[in-house]
Structure formats: structure tokens, C-alpha cells
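Here the structure comes first, spelled out in C-alpha cells, and everything after it is commentary.
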Amino acid sequence: MSSEWDLHQELIKDYDNRYDYNGVSGDRLARRLHLLSEIGLTDDGGSMRIGFSQEEKQAKELAIEWMKEAGLAISQDGAGNIFGLLEGKDPDKPAVLSGSHLDSVPNGGHFDGPLGVLSALEVVEAWRASGYQPDVPYEVVIFSDEEGARFNSGLTGSRAMTGTADIELQGELTDQDGKSFEEVMNGIGLSTETFAGAVRNLEEIGTFVEVHIEQGKRLEQNNLPVGIVEGIAGPSWLEFDFIGKAGHAGNTPMTERQDALVAAGEFIRNIYDLPREYSDSAVATVGKLNVYPNGINVIPGKVALNVDVRDIFEETRNQLIERIEKEAARISKEFEVEYRFRQTLKVDPVPIPDHLKEKLGQAIEQHGIERMELPSGAGHDALIVGHYLPVAMLFVNSKDGVSHTPDEWSSLNDCVQGVQVLKSYIESLT
């Protein structure tokens with residue numbers, strides 16, 4: 001498939017050239033998306049550019065060529081994050097930062113990450129065509145290893161830049177091939193020492209804006225090309241063990257059982273209904289479950305499961321977590337089993353400042369698009385940066401809400417409208 005497939009042609013065949021104005025080029029955006037898609041292209045037509053791989057490095061190098069052609073001054077930090085600087089009329093003012101990432105999940109799509117990088121770069125290309133220089137510095141950023149597929153972590157580059165990465169823990173990580181973090185970093189010309197030195201003086205940055213595909217269906221359902229992210233959900237991971245008593249499936253009467261799986265099943269079913277009691281944007285998912293001893297003729301004596309809880313509002317997310325634990329306690333008592341609970345991850349959500357949402361809304365309406373706000377349930381580099389700097393996010397319509405697969409798709413019409421809105425928004429800041 002890789003020898004015949006051409007993302008550029010697929011994108012431009014239904015493109016409406018009336019979106020090419022103010023120096024923005026749909027053809028250039030489509031061509032660059034295609035060239036990036038060829039790096040790590042899988043037999044299924046997907047992307048295979050995991051973090052800190054040679055493929056991610058190659059994609060960055062290609063993007064650097066385009067950034068240099070656009071007149072940006074390039075720098076790279078010790079985590080492999082790439083920055084392309086366009087000087088402002090007042091170079092001493094804090095910069096506006098925009099971009100995303102170029103790594104992917106295994107056999108992922110071609111828009112998650114690259115669209116944000118290329119949209120930020122397309123703004124520079126449009127300015128170059130008209131000779132426009134912003135009042136404040138503008139930087140295009142490519143963050144390293146956002147997806148975290150290699151080390152079961154993620155948002156690595158943005159954590160390194162903001163100084164929130166646990167350097168000791170990072171150094172202990174190994175990938176699926178048994179390679180240590182140090183070995184992997186050495187393979188691309190970096191090290192744990194350079195990684196630790198990637199912390200940036202955040203006073204140099206005034207704000208960050210990220211363009212990203214929605215990874216949901218709300219924009220598509222409303223027939224809108226773009227939408228304003230109202231907040232980025234903070235994930236909390238909860239680990240539960242339900243402990244009963246294993247026994248013979250044939251000889252233990254139903255009235256004498258302490259079946260851990262029955263209790264866990266009741267718990268999982270009830271969790272499904274709880275989020276809507278607290279917030280329209282709250283979600284809770286049980287995506288991992290292990291049964292012990294896992295024999296066909298053995299009553300389960302233990303079930304270990306994980307719950308992923310998210311919301312864009314910290315208060316309601318924490319209330320939901322508390323309710324889920326109470327539900328575990330109630331069910332364990334009802335079914336005469338024990339339960340254990342611990343929280344393994346807690347990242348605070350990031351609300352988008354009202355004044356930045358308003359500026360995005362004005363930019364959207366400037367291009368004749370209806371304004372719509374929606375939450376982001378997924379994590380992004382903006383989630384990490386948003387704990388230290390004011391951030392904004394612009395979502396682009398994603399067909400069927402599909403993401404992280406080769407079927408991931410956004411039309412070029414929607415992508416270019418996203419660039420036009422981004423350009424207007426950034427100009428309102430600079």
C-alpha cells in the first residue's frame with residue numbers, strides 16, 4: 001500500500017480553493033502532511049513514529065528544513081524539542097508559542113500532532129508572503145514523545161521543557177525491547193544529562209496555542225470545521241483489587257461463594273452511570289482487568305482493575321473519584337469480599353482562560369464560522385504547559401471521531417480553515 005498511497009492527492013481532490021487567502025496555501029499544507037506521512041508509513045497506511053525513534057528524528061529533520069526555508073532560527077533542547085523562532089518587532093517581549101508533536105502511536109494516524117506543527121508553520125509562511133512581522137516573537141515548537149508509546153509514559157518533551165519530568169524515574173524506564181532510556185537517547189544523539197538540562201525559562205514565553213484534531217464527533221455532528229477547547233481534562237488513574245475466595249466451580253454452592261469477579265462486574269457496571277451525575281464533561285473507563293487464578297473451572301478469588309477518571313473541572317472530578325471509592329466499599333460489603341484502592345496518577349485539569357477563549361471565538365467568527373466550545377478529554381502538551389502558562393487550543397473536525405488508527409482523517413477544507421483561524425488569533429495577540 002505504501003508505494004501507491006498519496007495523502008496529498010487524497011486531500012486536495014475535494015479541496016475548495018476559496019480557503020486559500022491571506023497567504024495560506026492548502027496545497028502546501030497537504031503536500032507537507034503527505035511527506036511526513038511517508039516517514040514510518042505502515043503496510044496498513046498508518047504512522048509508526050514512536051517517541052525518540054529514528055523515524056521521529058527524521059520527521060523533525062524534515063520539518064526543520066521547512067522551518068529554515070520560512071526564515072526561522074532553529075534551536076533544539078536536551079529533550080529533542082525543536083523551536084523555530086521568528087523575531088518580533090520587540091524581541092524582548094515574551095513569545096507566542098504554537099505547535100504540537102510528530103511522534104505517533106504504533107500504526108497511528110497522520111493528523112494527530114503533525115497538523116498542529118504544520119498549522120503553526122503555515123502561519124509563518126503566510127506572513128512571509130505578505131512581509132508581515134509580529135510585534136512580539138513567535139515560535140513554532142515540535143515537542144518530543146507526546147504519545148509516550150515507547151516507555152508507557154507521555155508528554156515527555158513538554159514535561160522536560162517545564163521542568164516537571166522526574167529525571168530519576170525517567171532514567172529507570174525501559175522500552176519494549178529492553179532498551180533503557182539512556183540507550184535510546186544515546187541512539188539519537190541525546191542523553192539523560194541533556195534531558196535534565198532541557199528546562200526552559202518560561203518567562204520567555206507569554207502564551208501557548210495548540211491546534212489538534214478533535215478525537216471526537218461533536219464538531220462533525222454540528223457540521224463545523226473548528227471549535228474552541230474550553231478545558232483540558234486531567235486524568236486520574238485508580239487501581240482496585242477485589243479479593244474474595246477461590247473455590248471449585250462445581251462443588252461450591254452459589255449461596256456460599258465469595259466471587260471477586262461478580263463484585264467487580266457490579267462495580268464496573270455501576271461506574272458507567274456515575275460521571276453524568278457530576279459533570280457533562282466527566283468520564284470514567286475501566287480498560288484493564290485481570291482475573292485470578294483465571295481458570296475456567298475456578299471461582300475467581302481476586303480481580304485487579306484500573307479506572308481512568310477524567311474531567312475538565314477539578315472539583316467535580318475529585319467528587320467523582322470519591323464516589324467511585326464509596327461504590328467499591330458498598331459493593332464489597334454486599335458481596336462479602338474485600339477491596340483495596342490506590343491512586344496511581346493524578347494530573348490536574350487545565351481550564352482555558354476566558355479571555356483567550358474569547359479571542360479564539362472572535363477569530364472564528366471573523367472567518368464566518370459559528371462559535372462552539374467543547375472539552376478535551378485527551379491529554380495534550382497544552383495540558384502540561386497550561387499548568388505554568390496561559391494556553392488555548394483549537395480543535396479541527398475529525399471524521400467519525402476516529403484517532404490513533406490509519407483511518408484518522410480530517411478534510412483539507414477543515415484543516416485550512418483551522419490555519420486561517422489560528423493566524424487571526426495569533427495576530428490578535430501580537
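Position 1 is the first residue of the sequence, and the numbers go up from there.
- Screening Val286, Thr285, Leu320, Leu238 for a side-chain contact (heavy atoms from CB on, under 4.5 Å) involving Ile271 leaves a single residue, Val286.
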What side-chain donor-acceptor pairs closer than 3.5 Å can you find for residues 83-92, not counting sequence neighbours?
{"residue": "Asp90", "atom": "OD1", "partner": "Asp92", "partner atom": "N", "Å": "3.2"}

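- Note that CD of Glu214 and CG of Leu219 are 4.0 Å apart. Values are rounded to the nearest 0.5 Å.
- A salt bridge is defined here as a Lys NZ or Arg NE, NH1 or NH2 lying under 4.0 Å from an Asp or Glu carboxylate O, and Glu358 with Arg371 meets this definition.
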Decide yes or no on salt bridge (Lys or Arg N to Asp or Glu O under 4.0 Å) for Glu408 and Lys399, but give the supporting numbers first. CA-CA 7 Å; Glu408 181 179 282; Lys399 186 177 184 297; over 6 Å; no
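- You'll find the side chain of Leu429 reaches within 4.5 Å of the side chain of Leu356, heavy atoms only.
- Proximity of Val385 to Phe143: side-chain heavy atoms (C-beta onward) are separated by under 4.5 Å at one or more points.
- Only one option out of Lys60, Gln76, Met161 pairs with Asn81 in a side-chain contact (heavy atoms from CB on, under 4.5 Å); it is Met161.
- Summarising the geometry, atom CG belonging to Asn397 is positioned 12.0 Å from atom NZ belonging to Lys217; distances are rounded to the nearest 0.5 Å.
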Give the C-alpha distance, both sets of side-chain angles, the deciding distance and a yes or no for side chain to side chain donor-acceptor pair (under 3.5 Å) between His101 and Asp381. CA-CA 8 Å; His101 62 97; Asp381 289 309; 5.5 Å; no
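- His110 contributes atom NE2, which lies 10.0 Å from atom CG of Asp407 (distance to the nearest 0.5 angstrom).
- The existence of a salt bridge linking Glu122 and Arg28 is confirmed by a sub-4.0 Å separation between a basic side-chain nitrogen and an acidic carboxylate oxygen.
- Contact annotation: the side chain of Ile324 approaches that of Phe240 to within less than 4.5 Å [non-hydrogen atoms, C-beta and beyond].
- The shortest heavy-atom contact between Leu115 and Ile213 is CD2-CG2, 4.0 Å.
- You'll find the ring centres of Phe313 and Tyr278 outside the 6.0 Å limit.
- Within a 6.0 Å radius of CD in Glu315, other residues, nucleotides and ligands contribute 12 heavy atoms or fewer.
- Take Arg49 and apply the salt bridge (Lys or Arg N to Asp or Glu O under 4.0 Å) test, not counting sequence neighbours, and it matches no residue.
- Side-chain atoms of Asp77 come within 3.5 Å of backbone atoms of Ala79 as a donor-acceptor pair (strictly under, hydrogens ignored).
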For the pair Glu373 and Lys357, evaluate salt bridge (Lys or Arg N to Asp or Glu O under 4.0 Å) and give the outcome as yes or no after the intermediate values. CA-CA 9 Å; Glu373 293 188 9; Lys357 288 189 294 183; 3.8 Å; yes
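- Ionic pairing of Glu125 and Arg128 is present here: one or more N-O contacts between side-chain nitrogen and carboxylate oxygen are shorter than 4.0 angstrom.
- Look at Lys423 and Glu427 and you find a salt bridge, because one of the NZ, NE, NH1 or NH2 atoms lies within 4.0 Å of a carboxylate O, short of that distance.
- Here OG1 of Thr174 is found 13.5 Å from CD of Glu182. Values are rounded to the nearest 0.5 Å.
- Under the 3.5 Å distance criterion, with hydrogens and angles disregarded, a donor-acceptor pair is assigned to the side chains of Asp20 and Tyr15.
- Under the 4.5 Å side-chain criterion, counting only non-hydrogen atoms from C-beta, Pro375 is not in contact with Ile232.
- Side-chain atoms of Ser98 and Glu210 include no donor-acceptor pair closer than 3.5 Å.
- Side-chain contact check for Leu36 versus Leu33: every heavy-atom pair is 4.5 Å or farther apart.
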Verify side chain to side chain contact (heavy atoms under 4.5 Å, CB included) between Arg317 and Glu322, making sure each step is shown before the conclusion. CA-CA 9 Å; Arg317 185 200 60 177; Glu322 183 178 347; over 6 Å; no
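- Comment: Asp16 engages Arg18 in a salt bridge, judged by a side-chain N to carboxylate O separation of less than 4.0 angstrom.
- Classification of Arg200 and Glu139 as a salt-bridged pair holds, one side-chain N sitting under 4.0 Å from a carboxylate O.
- Taking the side chain as every heavy atom from C-beta outward, Cys415 and Phe111 approach each other to under 4.5 Å.
- Comment: Arg330 engages Glu327 in a salt bridge, judged by a side-chain N to carboxylate O separation of less than 4.0 angstrom.
- Counting non-hydrogen atoms of neighbouring residues, nucleotides and ligands closer than 6.0 angstrom, the CG atom of Asp177 exceeds 12 such neighbours.
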As a quick check of understanding, evaluate salt bridge (Lys or Arg N to Asp or Glu O under 4.0 Å) for Lys68 and Glu65, giving each step before the final call. CA-CA 5 Å; Lys68 287 180 177 178; Glu65 291 180 19; over 6 Å; no
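- Counting heavy atoms from C-beta outward, Val117 and Pro114 have side chains that stay 4.5 Å or more apart.
- Using a 4.5 Å cut-off on side-chain heavy atoms (C-beta onward), Arg159 and Ser153 make contact.
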Carefully, step by step, assess Phe395 and Leu374 under the rule side chain to side chain contact (heavy atoms under 4.5 Å, CB included). CA-CA 9 Å; Phe395 271 167; Leu374 63 165; 3.8 Å; yes
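- A donor-acceptor contact closer than 3.5 angstrom links the side chains of His404 and Glu147.
- Salt bridge annotation for Asp308-Lys288: absent, with no cationic side-chain nitrogen under 4.0 angstrom from a carboxylate oxygen.
- In this structure, CD1 in Ile82 is found 6.0 Å from CD1 in Ile142, a value given to the nearest 0.5 Å.
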Given Phe195 and Phe181, is the ring-ring contact (aromatic ring centres under 6.0 Å, His included) satisfied, shown in steps? CA-CA 10 Å; Phe195 183 86; Phe181 183 72; 5.3 Å; yes
Would you check, one step at a time, whether the test side chain to side chain donor-acceptor pair (under 3.5 Å) holds for Asp311 with Ser279? CA-CA 8 Å; Asp311 196 2; Ser279 167; 3.1 Å; yes
Tyr19/His367 under side chain to side chain donor-acceptor pair (under 3.5 Å): CA gap, chis, key distance, verdict: CA-CA 10 Å; Tyr19 296 119; His367 294 277; over 6 Å; no
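- Ion pair Arg340/Glu239 not flagged as a salt bridge, since none of the NZ, NE, NH1 or NH2 atoms sits closer than 4.0 Å to an Asp/Glu carboxylate oxygen.
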Under the side chain to side chain contact (heavy atoms under 4.5 Å, CB included) criterion, do Thr42 and Ser47 qualify, and how do the steps go? CA-CA 6 Å; Thr42 69; Ser47 283; over 6 Å; no
